[in-house]
Amino acid sequence: MAELPEGVKLTWLGHATFLLEAQGKRVLIDPWLQGNPACPDELKDPGPLDIIVATHGHNDHIQDLTEVAKSTGATVVCMVELGDWLQSKKGIDNVVAMNKGGTTEIAGIKFHMTDAKHSSSFTESDGTVIYTGEPAGFVIELETGFKIYHAGDTCVFGDMALIRKLLAPDIALLPIGDFYTMGPRSAAEAIRLLGVKTVIPMHYGTFPLLPGTPDELRKEADDVSGLEVVDLKPGDSIGS
Ligand code: NI
Ligand code: MN
């Protein structure tokens, strides 16, 4: 299985939710926990957190953000409109509300916000739909220079070639479920554009609308030499 640098651990909590442990910090990406049918029970409480990253406002990415941000005091990194709403309506103080192309550094970890092609809104329990700005992805750069790309929800887009040119991620977390995002065929093209050799598929299998599988991705991308599709199960980790 793919190696992460010493002292870096990445755990898939199911769907698009990941816990990154690096440089003594704990970073939770896209917190969907309690209602996430793919999240193992023992991981629904992610423990202490330093940073929470939100790619966009959809409920399957930030449903538990307010609660875990308040209970942990973690700094939230997200799009401007989503961040403004979290501050003004949800009472979260610690927000870095940024935009695409920008980089913020927190505790020695750099967060580069990239493009993503999708939509972004939050649906309140009474059905009210809140606009939360554009969706994004993130390239997370550690002090060693190692870079992890979480694509968020997106279709494939040609400017992934620019993400390769400017940021050159070492590992990519790519949605493959289809319907709301790329499916395996598009994700294979994303792999070619990004030039990555290590890919963790996500945003598939959570519910029946997301039929893409890692095996289909392997088949679609079988021309990419040296590619490793790391087929994690929810709750699995790579690294240590
Ligand atoms: Ni979404
Ligand atoms: Mn989603």
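For ligands, and for the atoms within them, numbers begin at 1 and follow the listed sequence. Hydrogens, waters and symmetry mates play no part in the numbers below; they use all other heavy atoms, side chains included.
- Defined by atom type and a distance below 3.5 Å, a donor-acceptor pair is missing between the side-chain atoms of T132 and S121.
- Residues satisfying the side-chain contact (heavy atoms from CB on, under 4.5 Å) criterion with T128, sequence neighbours excluded, are E124, D126, I130.
- Side-chain contact annotation: T17 with D30, donor-acceptor N/O pair under 3.5 Å absent.
- A salt bridge (Lys or Arg N to Asp or Glu O under 4.0 Å) check over residues 33-58, counting only residues at least two apart or in different chains, returns nothing.
- Note on the Mn ion (ligand 2): protein N/O/S atoms under 2.8 Å are D60 OD2, H61 NE2, D153 OD2, H203 NE2.
- Each protein N, O or S atom less than 2.8 Å from the Ni ion (ligand 1) was counted, giving 4.
- L174 and W32 fall into different hydrophobic clusters, where Ile, Leu, Val, Met, Phe, Trp and Tyr residues are linked whenever their side-chain heavy atoms come under 4.5 Å apart, directly or through other members.
- Using modelled atom types and a 3.5 Å distance limit, the side chains of E216 and T213 yield a donor-acceptor pair.
- No side-chain N or O of T154 forms a donor-acceptor pair with one of H118 less than 3.5 Å apart.
- Criterion: ILVMFWY side-chain heavy atoms under 4.5 Å apart, direct or through other members. Under it, V230 and V196 are part of a common hydrophobic cluster.
- When each of L49, T11, D64 is checked for a side-chain contact (heavy atoms from CB on, under 4.5 Å) with L28, only L49 meets the rule.
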